[in-house]
Novice: 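Mind looking over this structure? Questions follow.
One is the number of the first residue; the rest follow in order along the sequence.
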Amino acid sequence: LDAKEEFTHTTLAANVMRPRRNEVPLTVLTQDDMTVEDLEATINETTYNGFPVIVSKESQRLVGFALRRDITIALENARRKQEGIVTSSRVHFTQHTPTLPADSPRPLKLRSILDMSPFTVTDHTPMEIVVDIFRKLGLRQCLVTHNGRLLGIITKKDILRHMAQMTNQDPESIMFN
Ligand code: ADP
């Protein structure tokens, strides 16, 4: 058996993704039950470059990925130009507007900034394959799922950190890489 194979298959996506066990859960957006206020709070309270969008907290099923930059611009535009978008406006990434009470303020549609096919791998995917995909597709981040449920995220920096750690902690591994 090739020594390289044996070594490189030991780390899985689950070992590199965030959050780790016992860490605070991923910051996610839900597809149709947040308000402009919720979204602005999420943006202001975190520094992440992007957010997975899920069907609902209960299902944890992935719908897509939205970049902080695009959300920020959309919120600013909505506040400045779109009449009727207020703090309590509902935000939806879905194609159709959710059913709202008659006196609700105009909802904010963010479908256009949603990447509906973000790259995903399962938690059991060997990191060797994940690294290869990042290189070949020039990815910035990749989402990790288990049985269709969103589990975590791996960014390019997570991968670089992981590779640096491998090099430091296990000098012998360099020989196999
Ligand atoms: P980078 O890894 O380039 O610094 P981010 O600022 O987006 O990019 O992510 C910082 C760290 O937080 C990374 O370790 C990443 O895995 C994790 N992370 C990224 N997005 C989220 C998110 N929405 N919720 C929780 N953790 C995240």
Novice: Which atom pair, heavy atoms only, marks the closest approach of Leu26 to Gly152?
Specialist: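 Smallest heavy-atom distance, with atoms named: CD1-CA, 3.8 Å.
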
Novice: Sorted by first residue and then second, give each salt bridge (Lys or Arg N to Asp or Glu O under 4.0 Å) pair with at least one member in residues 131-151; sequence neighbours left out.
Specialist: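 Listed by first then second residue: Asp132-Lys136.
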
Novice: If you look at every heavy atom in His92 and His96, which pair is closest and at what distance?
Specialist: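 For His92 versus His96, the nearest heavy atoms are ND1-O, 3.6 Å.
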
Novice: Checking side-chain polar atoms at under 3.5 Å, does Thr122 have a donor or acceptor matched by the opposite partner on His124?
Specialist: no

Novice: What's the shortest heavy-atom distance between Thr30 and Phe93, and which atoms?
Specialist: O-CD1, 4.0 Å

Novice: Check for me, please, whether Ile43 and Val24 land in the same ILVMFWY cluster - side-chain distances under 4.5 Å, paths through other members count.
Specialist: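 They do not share one cluster, since no chain of ILVMFWY contacts under 4.5 Å joins Ile43 to Val24.
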
Novice: Working note: Leu39 + Leu75, criterion side-chain contact (heavy atoms from CB on, under 4.5 Å); need CA distance, chi angles, decisive distance, verdict.
Specialist: CA-CA 9 Å; Leu39 190 57; Leu75 281 170; 4.0 Å; yes

Novice: Can you give me the closest heavy-atom contact between Pro107 and Ser89, atom names plus distance?
Specialist: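 Nearest heavy atoms, Pro107 then Ser89: CA-CB, 4.5 Å.
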
Novice: Check whether Thr145 reaches the backbone of Gly148 with its side chain - one donor and one acceptor, N or O, closer than 3.5 Å.
Specialist: no

Novice: Do Leu108 and Val86 belong to the same hydrophobic cluster, where Ile, Leu, Val, Met, Phe, Trp and Tyr are linked whenever their side-chain heavy atoms lie under 4.5 Å apart, directly or via other members?
Specialist: no

Novice: So do Leu62 and Pro118 actually touch side chain to side chain, heavy atoms under 4.5 Å?
Specialist: yes

Novice: Using 0.5 Å steps for rounding, measure from the CG atom of Leu12 to the CD1 atom of Ile129.
Specialist: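 Separation between the atoms: 10.0 Å.
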
Novice: Measure across Thr11 and His162 and return the closest heavy-atom pair with its distance rounded to 0.1 Å.
Specialist: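 Nearest heavy atoms, Thr11 then His162: CG2-CE1, 3.4 Å.
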
Novice: Name the atoms and distances for all side-chain donor-acceptor pairs under 3.5 Å in residues 46-54, with sequence neighbours left out.
Specialist:
from: Thr46; atom 1: OG1; to: Thr42; atom 2: O; distance (Å): 2.8
from: Thr46; atom 1: OG1; to: Arg68; atom 2: NH2; distance (Å): 3.1

Novice: Hey, quick one: are Met127 and Phe119 part of the same hydrophobic cluster, counting side-chain heavy atoms closer than 4.5 Å, chains of contacts allowed?
Specialist: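 Same cluster.
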
Novice: Quick check: does any side chain N or O of Asn77 sit under 3.5 Å from a backbone N or O of Ala74, one acting as donor and the other as acceptor?
Specialist: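 Flag not set: sc Asn77 to bb Ala74 has no pair under 3.5 Å.
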
Novice: Which atom names give the shortest non-hydrogen contact between Phe134 and Ile159, and what distance separates them?
Specialist: CD1-CD1, 3.4 Å

Novice: If the condition is salt bridge (Lys or Arg N to Asp or Glu O under 4.0 Å), which residues does Arg111 pass it with, not counting sequence neighbours?
Specialist: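 Arg111 satisfies salt bridge (Lys or Arg N to Asp or Glu O under 4.0 Å) with no other residue.
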
Novice: Are Val55 and Leu151 connected in a single hydrophobic cluster, I mean Ile/Leu/Val/Met/Phe/Trp/Tyr linked by side-chain heavy atoms less than 4.5 Å apart?
Specialist: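 Result: no, two separate clusters.
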
Novice: Please enumerate all residues that pass side-chain hydrogen bond (donor to acceptor under 3.5 Å, both in side chains) together with Glu83, with sequence neighbours excluded.
Specialist: none

Novice: Would you compute the distance between atom CG of Leu110 and atom CG of Asp70 and round it to the nearest 0.5 angstrom?
Specialist: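 Answer rounded to 0.5 Å: 10.0 Å.
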
Novice: Using the rule that two of Ile, Leu, Val, Met, Phe, Trp, Tyr join whenever any of their side-chain heavy atoms come within less than 4.5 Å, decide whether Ile71 and Ile85 are in one cluster.
Specialist: yes

Novice: Restricting to pairs with a member in residues 23-44, which pass salt bridge (Lys or Arg N to Asp or Glu O under 4.0 Å), not counting sequence neighbours?
Specialist: Arg18-Glu23, Glu40-Arg79

Novice: Which value, rounded to the nearest 0.5 Å, describes the distance between Leu160 atom CG and Met163 atom CE?
Specialist: 7.0 Å

Novice: Enumerate the side-chain hydrogen bond (donor to acceptor under 3.5 Å, both in side chains) contacts for residues 100-110, please, sequence neighbours excluded, ordered by first and then second residue.
Specialist: none

